[in-house]
Amino acid sequence: MSEIQAQPQNGTAVNGSPAIEMIDVHKWYGEFHVLKDINLNVSSGERIVICGPSGSGKSTLIRCINRLEEHQRGQIIVDGVELTSDLKHIEQIRREVGMCFQHFNLFPHLTILENLALAPIWVRKVPRAEAEDTAMQYLERVKIPEQAAKYPGQLSGGQQQRVAIARSLCMNPKIMLFDEPTSALDPEMIKEVLDVMIELADTGMTMLCVTHEMGFAKTVANRVIFMDGGEIIEENEPNEFFDNPQHDRTKLFLSQILAH
Amino acid sequence: MSIINHSTSPDLPPPVTEVGVIGWMRHNLFSSPLNFALTLVGAYLIFTFFIPAFDWAIWSANFTGKDQSACTGGGACWVFIADRLNFFVYGFFPDAEYWRVNIVFILLAALLIPQFIEAFPYKMWLGWALLVGLPIVSYFLLIGGSFGIVHVETEKWGGIMLTLVLSFVGIVAALPIGIVLALGRRSNMPVIRGICIGFIELWRGVPLISVLFMASVMLPLFLPEGLNFNKLLRALIGIVMFQSAYMAEVIRGGLQAIPKGQYEAADALGLGYWKSMGLIILPQALKLVIPGIVNTFIALFKDTTLVLIIGLLDILASVQASIIDPAWSDVATEGYVFAAFVFWIFCFGMSRYSQALERKLHTGHKR
């Protein structure tokens with residue numbers, strides 16, 4: 001039922017202008033070829049879920065987009081700027097691309113409010129009072145304004161991940177990257193984080209999400225990408241991807257994660 | 001006709017061996033053969049060492065008087081310390097100019113004490129005044145020669161004042177240089193990394209005594225005729241270079257302990273290298289290595305005594321110079337005990353401050 005409702009909504013927000021272009025991207029860790037000939041175009045407003053077995057290169061792929069990992073061959077163009085070793089370009093892109101990590105990576109020596117306001121104050125040069133107002137608005141959006149004065153170590157995993165999402169949003173990014181945002185969480189906390197992500201998707205944010213939450217993929221994704229051995233094996237819109245996988249490896253992977 | 005008495009009889013008092021002094025001793029001093037032996041050893045030490053030491057230092061000691069003749073009690077002759085106190089504190093600084101040193105001492109105390117007090121207002125500004133303002137003010141006050149006050153050559157500095165100058169400058173300069181060296185050693189740029197590794201390994205590889213000898217004896221040989229650095233300045237540079245190399249390694253340990261995720265999160269927010277170091281990484285890394293940093297500070301404080309080999313009269317050297325004074329005999333113990341006590345006060349203060357700082361900066365994780 002929800003899938004049917006989600007279907008038209010999945011297609012609406014995309015407006016077609018390119019947000020991310022990856023052309024013939026290769027990456028090696030020493031001898032190990034992690035990314036092989038990746039070609040991926042993401043339009044503005046598109047929501048993409050990347051899945052695949054562990055070690056398939058999916059995290060590396062999205063970490064290349066904000067240059068946490070360096071690619072060795074090919075081109076990556078984010079928001080019209082090409083990623084090269086030029087630090088100016090890298091920082092320009094990082095300002096526009098938010099990222100959430102598997103282990104949240106909040107700054108433990110700062111309060112929640114300081115975590116949120118830090119980058120706007122120091123990178124965007126927003127006045128402190130204004131940055132803290134914005135931070136409080138985002139904390140309300142992720143439904144934990146009462147935790148503003150606490151330190152990350154005093155929050156649950158789910159709350160920390162919601163703070164991490166809010167922290168990225170405070171920079172007003174054009175693109176959000178999620179690197180397995182729910183896989184370090186206890187089961188009862190996964191939903192609260194996914195709810196925040198679904199709400200974010202409804203605002204028309206461009207999202208790339210590495211996750212194994214297939215329900216989430218069906219609800220919000222425009223496209224699901226399956227990776228294995230450093231290659232994009234298959235990509236399709238979610239219903240077709242889950243109901244009618246083309247490739248054997250995709251079928252095997254889906255049977256494994258959907259079996260239990 | 002019941003033979004059972006239903007009313008409760010009153011509690012008997014506990015046996016005399018379980019309560020009071022005897023009970024306490026049974027439980028705490030003689031509860032096992034090992035404890036019995038340790039108690040005997042402890043009692044032996046108290047009778048043979050602590051009581052005589054106390055007797056020497058307080059009971060039979062003489063505190064008032066003018067010279068050796070006042071020391072008749074058979075214990076410590078603290079008259080000697082009182083008599084030479086000005087020399088121990090100020091060295092050869094001219095009597096008429098003591099007020100300048102006193103102002104510096106008062107400023108130091110006034111700026112330092114608030115740092116120990118929780119919730120003191122403007123603590124951060126006072127901290128900056130301590131680290132930046134005080135050295136500048138002290139420089140003009142102690143050297144003189146400007147603002148209408150007399151110039152005092154650094155050769156005349158000595159005692160506690162010189163020890164404090166050496167260690168304060170050493171601490172204030174070694175920490176930032178150490179931070180820069182530690183960051184440099186982890187840099188991606190091979191030239192910067194190479195320079196930092198070279199610097200650190202060079203200074204860590206030589207004893208401080210040889211650094212001071214180099215600075216005072218050999219350096220002037222290499223410098224052109226007429227160019228003569230002040231001896232105190234040369235010693236200071238030597239101490240700062242030497243200690244900053246150690247500091248760098250302590251801080252590098254802290255930097256390595258910060259999870260990779262913190263660096264990545266800072267990068268992903270677009271903070272750039274200096275902001276991510278200054279706002280995210282260093283505050284956490286420095287907090288982690290507070291014990292190591294303070295350890296280095298304490299070592300530095302005590303190492304300043306080595307300047308006596310190049311002829312600077314720090315507290316220990318001024319004590320040594322005084323005990324060979326013919327006007328006093330047999331006062332070596334008093335002199336060294338006094339010097340040790342001065343060092344202990346400062347080092348213990350630093351250690352307590354670091355513990356308070358660690359508690360204050362602690363935010364969460366452990367509960």
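All values below were derived from every heavy atom in this structure, side-chain atoms included, with hydrogens, water molecules and symmetry-related copies excluded. Each chain gets a letter, A, B and so on, in the order the sequences are listed, and its residues count up from 1.
Heavy-atom pairs under 4.5 Å with chain B were tallied for A:I93, A:L118, A:L177, A:L87; the largest tally goes to A:L118.
Taking both residues in full, the closest heavy atoms of A:F101 and B:A268 are given as CZ-CB, 4.0 Å, listed atom of the first, atom of the second, then distance. When all heavy atoms are compared, the tightest approach of B:I280 to A:L110 is CD1-CD1, 4.5 Å. The heavy-atom pair separating A:R167 from B:A265 by the smallest distance is NH2-CB, 3.6 Å.
Close approach to chain B, defined as a heavy atom under 4.5 Å from one of its heavy atoms, is seen in A:N66, A:L68 of residues 66-84 of chain A, taken by number.
The closest side-chain heavy-atom distance from B:Q262 to A:P108 is below 4.5 Å.
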For B:L269 and A:V123, what are the C-alpha separation, side-chain angles and deciding distance, and is it a side chain to side chain contact (heavy atoms under 4.5 Å, CB included)?
CA-CA 8 Å; B:L269 287 169; A:V123 181; 5.7 Å; no

Using distance only, find each side-chain donor-acceptor pair of residues 125-146 of chain A under 3.5 Å and give its atom names and separation, not counting sequence neighbours.
unit_1, atom_1, unit_2, atom_2, d
A:K125, NZ, A:W122, O, 3.1
A:T134, OG1, A:E130, O, 2.8
A:K143, NZ, A:E199, OE1, 3.0

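Put simply, the side chain of A:N105 gets close to the backbone of B:G261: a donor and an acceptor are under 3.5 Å apart. The main-chain N or O of A:F107 is never found under 3.5 Å from a side-chain atom of B:Q284 such that the two would form a donor-acceptor pair. Checking side-chain atoms of A:H109 against main-chain N and O of B:L279 turns up a donor-acceptor pair under 3.5 Å.
For B:W125, the CH2 atom is loosely surrounded, since the number of other residues' heavy atoms within 6.0 Å does not exceed 12. Taking a 6.0 Å sphere around NZ of B:K275, one finds it holds more than 12 heavy atoms contributed by other residues, nucleotides or ligands. Around the OH atom of A:Y29, the shell of radius 6.0 Å holds more than 12 heavy atoms that belong to other residues, nucleotides or ligands.
Separation of atoms NE2 (A:H103) and NZ (B:K260) is listed at 11.5 Å; rounding is to 0.5 Å. One finds the CG atom of B:D267 at 11.0 Å from the CE atom of A:M99 (value rounded to the nearest 0.5 Å).
With a 4.5 angstrom heavy-atom cutoff, A:I90 does not touch chain B via any of its atoms.
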